[in-house]
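Position 1 is the first residue of the sequence, and the numbers go up from there. Ligands are counted one by one from 1 in listed order, and the atoms in each one are counted from 1 as well.
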Amino acid sequence: MQHSSEDLKNIESLLEFYIDAGVDCFLGDSPVDWTELSRRKAPVRQQPQASEVAHRTAPAEPPAHDRAAPVPTGLAPQPRTAQPAKPNNPAVIPDREVVASARDQAASAVSLEELRACLEAFDGCNLKLTAKKLVFADGNPAARLMFVGEAPGRDEDLQGKPFVGRSGQLLDRMLTAIGLDRSSAYIANVVPWRPPGNRTPTPQETEICKPFIRRQIELVNPDVIVFLGAASAKNLLGVQDGIRKMRGRWMKYPVSGRDIDAIATYHPAYLLRSPLEKRLSWRDFLSIQLKLEGT
Ligand code: URA
């Protein structure tokens, strides 16, 4: 079929729009309601259905942190060959059983290597179906300082390492500013798989992944935990305050009978968008440096 130069121009500007909106790969031919799919859950340890894996497209939810904005629904890629997700898909709603299974599996890991292997084998979280790689951790497992972010973005998904994109580079500069680097810190996320299109992880996905990050913290057993952004602090400390109120305040994260000093600070992705807030982050990082010196 021949396209006029006008058609080609329109196609080009639509593609440019997709790229600007953060679409980085073409995943499927039919639109998929990811909110609906994330409510469903393949039975624990069941292999993904080929049809589920094949039909990945743009998400419907708003972006989190530096993960790029989704495509407006009306502009989602048009069908070419694949079938839409079937309403009678055999998946079931993620329930307490899946969370309990995650908890059992996480608890059974006696080392970080075992925990990583558990996550590699875990089929209870739908995010694994769309992610390219497990993003387990980076840095030094023996470090006294641990950072916890929310969920990986595109660069992290491609490399299988947390905080390697623009926000990760800013985090590196912030570490340098207090005389540290990745060899003196351990970095992980609450959710170890990239949510499709960088949407915010759903509460179900977060609940399923939480036992693993809790166990990861337990196994690393750092002296200081830094939560990057409100989401990780809210999920792991149970605090409800917004980040403006919460940041810079020392709290305790209880682990196996010990209280670890914990602080929340702005997510580096937020700092990239709001550079004026860096002065408050700078204060937080100085406070972290002092805490490390005093413990
Ligand atoms: N944002 C996060 O919360 N985690 C990452 O690993 C990257 C960006």
Colleague: Any chance the side chains of Thr130 and Trp193 put a donor and an acceptor closer than 3.5 Å?
Modeller: no
Colleague: Select one of side chain, backbone, both or neither to describe which atoms of Ala151 lie under 4.0 Å from any atom of ligand 1, heavy atoms only.
Modeller: backbone
Colleague: Under 6.0 Å between ring centres, would you say that holds for Phe163 and His267?
Modeller: yes
Colleague: Looking at Pro162, which atoms of ligand 1 are within less than 4.0 Å of one of its heavy atoms?
Modeller: 6 (O)
Colleague: Based purely on interatomic distance, does Glu156 place a nitrogen or oxygen under 3.5 Å from a nitrogen or oxygen of ligand 1?
Modeller: no
Colleague: I'd like a table of donor-acceptor pairs (distance under 3.5 Å, sequence neighbours excluded) in which one partner is a side-chain atom from residues 140-149, with atom names and distances.
Modeller:
unit_1 : atom_1 : unit_2 : atom_2 : d
Asn140 : OD1    : Ala142 : N      : 2.8
Asn140 : ND2    : Ser183 : O      : 3.0
Arg144 : NE     : Asp223 : OD2    : 2.6
Arg144 : NH1    : Leu292 : O      : 3.1
Arg144 : NH2    : Asp223 : OD2    : 3.4
Arg144 : NH2    : Leu292 : O      : 3.1
Arg144 : NH2    : Thr295 : O      : 3.0
Arg144 : NH2    : Thr295 : OG1    : 2.7

Colleague: So, taking the atom named NZ in Lys210 and the one named CD1 in Ile208, what distance separates them when rounded to the nearest 0.5 Å?
Modeller: 11.5 Å
Colleague: Purely on distance, is any nitrogen or oxygen of Gly149 under 3.5 Å from one on ligand 1?
Modeller: no
Colleague: Please indicate whether any nitrogen or oxygen in Pro152 is less than 3.5 Å from any nitrogen or oxygen in ligand 1.
Modeller: no
Colleague: According to side chain to side chain donor-acceptor pair (under 3.5 Å), who are the partners of Arg249, at least two apart in sequence or on a separate chain?
Modeller: Asp241
Colleague: At less than 4.0 angstrom from any non-hydrogen atom of His267, what atoms of ligand 1 do you find?
Modeller: 1 (N), 2 (C), 3 (O)
Colleague: Atom CG in Leu119, atom CD in Glu114: separation rounded to 0.5 Å?
Modeller: 12.5 Å
Colleague: When only distance counts, is Ser167 in polar contact with ligand 1, meaning an N/O pair under 3.5 Å?
Modeller: no
